[in-house]
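Letters A, B, ... are given to chains in the order of the sequence lines, protein chains preceding strands, and every chain is numbered from 1.
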Amino acid sequence: MKLYNSKTNSLEEFKSITPMHVDMYVCGPTVYNHPHIGNARPMIVFDTLRRLFEVQGYTVSYVSNYTDVDDKIINKALNEELDEITISTRYIDAYQAVRDSLNVKPLTATPKVTENMPEIISFIKELLDKEYAYVVDGDVYFRVTKIEDYGCLSKQNIDDLQVGARIEENSKKENPLDFALWKTTDMGIRWDTPWGKGRPGWHTECVVMINKVFDSDHIDIHGGGMDLKFPHHENELAQSQALHHSQLANYWLHNGMLNFDGEKMSKSLGNVVWAKDFISEYGSNVIRWLMLSAHYRAPLNISEQTINTAKTELERVLTALRQAEVAQQRAKIIDHKEIDEKLLDRFVAAMNEDINTPNGFMEIFETIKILNKALREKDVDWQALISIKNALLKMIEVIGISYQPPILTIEDLNNFEQWDNARKAKNFELADIYRKTLSEKGLL
RNA sequence: GGUUCCUUAGCCAAGUGGUAAGGCAAUUGACUGCAACUCAGUGAGCACCGGUUCAAAUCCGGUAGGAACCUCCA
């Protein structure tokens, strides 16, 4: 498999640290609100990558965190006169519900900041001990200049950054690029430390959780949205280099951002679309199909038209499967588990080119064409047909499309027969009645 | 101001040197009792300019337009 490594800006052949196993960490959300449709993209992309690994025999440890300590959460809690845990729990549940309804496979672990405070504090302490960090008025900052190639992930030059850096009110830092590891505060949830009572900065948690959950300072894949590349991932990397001389991950993957009707979603534009609303309106299959119809690194624009296209295309896939299934059951052919490996291999090969889902979709369409033709042969080769169908089922499983094959009842079988008979007898009025019944049951 | 990236038919979207995948829409034909489904066919020379090469959508340079990031938004 080839993956585009954001760190080297090039396609690289994937090689796992442990044979046939992948350790993957994807930065999760700060849980202060419901997930919007943009949050769904990394969920879908990295779940698909996980499934792509698994179909090839890898086991995958897929971890994604919840940031449950943050100013936004604290503010929300103050607004609603609730405590932070109530707020963060509410939205963690909301995220989990969206993951479930998007058919995202259960994650291996979903660590939270509040559950890792001793480790986070001792990590910061170690950075202080080794002088990669310094304390000012109870705040702790990371000393960016101590990392020689700081900026190597995001291809930022420190000097350029300093020129472009916004002027901060906070002049306590040695260098404007230094980032906060700890903030002393008298508001909201706080922890005691030798340097002050407060809460951790954002960039430390991911490194600490990776180290802890994977029991290693070096994993295979670190993913997230393109917007996290700098500063978040850069800063994670810097901390890992500081304490472990480790690059943290072999492959850094970043998904592109999502637009709605050509515009970035934002509260000020008032065009934020909540994932739960989108899912209940269009269903998770349509969303997955839509999100995967473009390459994960490219920006993706959602519009009425792209939604409708996704619906139509998806319907084509499911129709082919359904019709094959119905015909097979009417012919009373018992299913076998064989898969047309040649067809599946073509799909996997396409997907293995840096999760090239558009080309994967092409192979799906090719397979559909083959299936439809096989189904309409004069003498159907059922064994071959079932193998093709099973290959197609495997493909949509990789992209996470859920599909329940219809199970024909005696009544359904009878309706089919009556429909055939009526047509033979040229009693079209009666035939149309049966056709309507079958159509309404979604069997045509 | 800095960094990274993008520009392919009406629309979506692959394709990193050898002569433009796939899909949606449109349209023609076949199938059908009619229809749906399905199958077969029809359409671009790749933003623009210049260069390298036997050969470029693909490499290099420039122009125009667009996007993301530059301290906590996936």
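Between R199(A) and D71(A) a salt bridge is recorded (basic side-chain N to carboxylate O distance below 4.0 Å). A salt bridge is absent between R143(A) and E131(A); no separation between the charged side-chain nitrogens and carboxylate oxygens falls under 4.0 Å. Ionic pairing of E115(A) and K212(A) is not present here: no N-O contact between side-chain nitrogen and carboxylate oxygen is shorter than 4.0 angstrom. Using a 4.0 Å cut-off between charged side-chain N and carboxylate O, E313(A) and R316(A) make no salt bridge. Ion pairing of D432(A) with R435(A) is present here, as a side-chain N (NZ or NE/NH1/NH2) and a carboxylate O approach within less than 4.0 Å.
Here G38(A) lies in heavy-atom contact (under 4.0 Å) with a base. Among the protein residues, E366(A) comes within range of the sugar-phosphate backbone only, with heavy atoms under 4.0 Å from sugar or phosphate atoms but none that close to a base. In this structure, I364(A) reaches neither bases nor backbone, as no heavy-atom distance under 4.0 Å exists between it and the strands shown. No engagement by K229(A) is indicated, since no non-hydrogen atom pair under 4.0 Å with the nucleic acid exists.
Residues D277(A) and E281(A) form no side-chain contact, since every pair of their non-hydrogen atoms from C-beta on lies 4.5 Å or further apart. Within the 4.5 Å cutoff, the side chain of T48(A) has heavy atoms near those of the M351(A) side chain. Side-chain atoms of W195(A) and I121(A), non-hydrogen and from C-beta on, do get closer than 4.5 Å to each other.
Atom P of G62(B) sits at a distance of 16 Å from the matching atom of C6(B), rounded to the whole Å. Nucleotides A74(B) and G66(B) place their P atoms 27 Å apart, quoted to the nearest Å. Between the P atoms of G22(B) and U32(B), the separation comes to 28 Å (whole Å). Nucleotides C60(B) and U4(B), compared at atom P, are 13 Å apart to the nearest Å. Nucleotides A56(B) and U19(B) place their P atoms 12 Å apart, quoted to the nearest Å. Taking the C1' atoms as reference points, U38(B) lies 32 Å from G45(B), given to the whole Å. For U53(B) and A20(B), the P atoms lie 23 Å apart once the distance is rounded to whole Å. Comparing G65(B) with A47(B), their C1' atoms are spaced 8 Å from each other, to the whole Å.
Put simply, CD on E440(A) is 14 Å from C1' on A36(B), counting in whole angstrom units. H233(A) places its NE2 atom 15 Å from the P atom of C72(B), with the value rounded to the nearest Å. Following rounding to the nearest Å, E315(A) (CD) and A36(B) (C1') show an atom-to-atom distance of 12 Å. For the pair K311(A) NZ and A25(B) P, the computed distance is 13 Å after rounding to whole Å. For the pair L153(A) CG and U3(B) P, the computed distance is 17 Å after rounding to whole Å. Rounded to whole angstrom, the span from the CG atom of L444(A) across to the P atom of A36(B) amounts to 13 Å. Summarising the geometry, the separation between CG on L292(A) and C1' on G22(B) is reported as 15 Å, rounded to the nearest angstrom. As rounded to whole Å, 5 Å separates atom C1' of A74(B) from atom CE of M257(A).
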Protein-nucleic acid N or O pairs under 3.5 Å, nucleotides 32-34 of chain B:
residue: G33(B); atom: N1; partner: D432(A); partner atom: OD1; Å: 2.9
residue: G33(B); atom: N2; partner: D432(A); partner atom: OD2; Å: 3.2
residue: C34(B); atom: N3; partner: R435(A); partner atom: NH1; Å: 2.8
residue: C34(B); atom: N3; partner: R435(A); partner atom: NH2; Å: 3.4
residue: C34(B); atom: N4; partner: R435(A); partner atom: NH1; Å: 2.6

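For G33(B), there is no paired base (Watson-Crick or G-U wobble, both distances below 3.5 Å). With a cut-off of 3.5 Å on both pairing distances, G43(B) has no Watson-Crick or G-U wobble partner at all. Pairing for A20(B) is absent, judged as Watson-Crick or G-U wobble with the two contacts each under 3.5 Å. In this structure, G1(B) forms a base pair with C70(B), meeting either the Watson-Crick or the G-U wobble geometry with both donor-acceptor distances under 3.5 Å. In this structure, U7(B) forms a base pair with A64(B), meeting either the Watson-Crick or the G-U wobble geometry with both donor-acceptor distances under 3.5 Å.
Remark: the Y25(A) side chain and the N65(A) side chain contain an N/O donor-acceptor pair separated by less than 3.5 Å. The closest side-chain donor-acceptor pair between N421(A) and E417(A), if any, does not fall under 3.5 angstrom.
Applying the side chain to side chain donor-acceptor pair (under 3.5 Å) rule to pairs touching residues 357-366 of chain A yields R346(A)-E363(A), sequence neighbours excluded. A salt bridge (Lys or Arg N to Asp or Glu O under 4.0 Å) check over residues 287-312 of chain A, counting only residues at least two apart or in different chains, returns the pairs D47(A)-R288(A), R297(A)-D354(A). Among residues at least two apart or in separate chains, ring-ring contact (aromatic ring centres under 6.0 Å, His included) pairs with a member in residues 285-312 of chain A are W289(A)-F361(A).
The glycosidic torsion of G61(B) lies more than 90° away from 0, which places this base in the anti conformation.
For H34(A) and Y91(A), the ring centers sit closer than 6.0 Å to each other.
A sub-4.0 Å separation between OP1 or OP2 of A36(B) and a side-chain N or O of K436(A) is absent. The side chain of N235(A) places no N or O atom within less than 4.0 Å of a non-bridging phosphate oxygen (OP1 or OP2) of C72(B).
Judged by distance alone with a 3.5 Å cut-off, a donor-acceptor contact links the side chain of R376(A) to the base of C37(B).
The side chain of Q305(A) lies closest to C11(B) when the candidates are C5(B), C11(B), G23(B). For R316(A), the side-chain atoms get nearest to C39(B) when compared with the rest of A21(B), C39(B), A74(B).
The main-chain N or O of P406(A) is found under 3.5 Å from a side-chain atom of Q329(A) such that the two form a donor-acceptor pair.
Residues from residues 248-255 of chain A placing a heavy atom under 4.0 Å of any atom in RNA chain B, listed by number, are N255(A).
Judged by closest nucleotide on RNA chain B, F365(A) is the one of F365(A) and K183(A) placed further toward the 5' end. Where G256(A) and Q323(A) meet RNA chain B, the nucleotide closest to each residue was compared, and Q323(A) sits on the side nearer the 5' end.
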- Item | Base-contact (B) and sugar-phosphate-only (S) positions in nucleotides 12-20 of chain B, heavy-atom cut-off under 4.0 Å, - elsewhere | SSSS-----
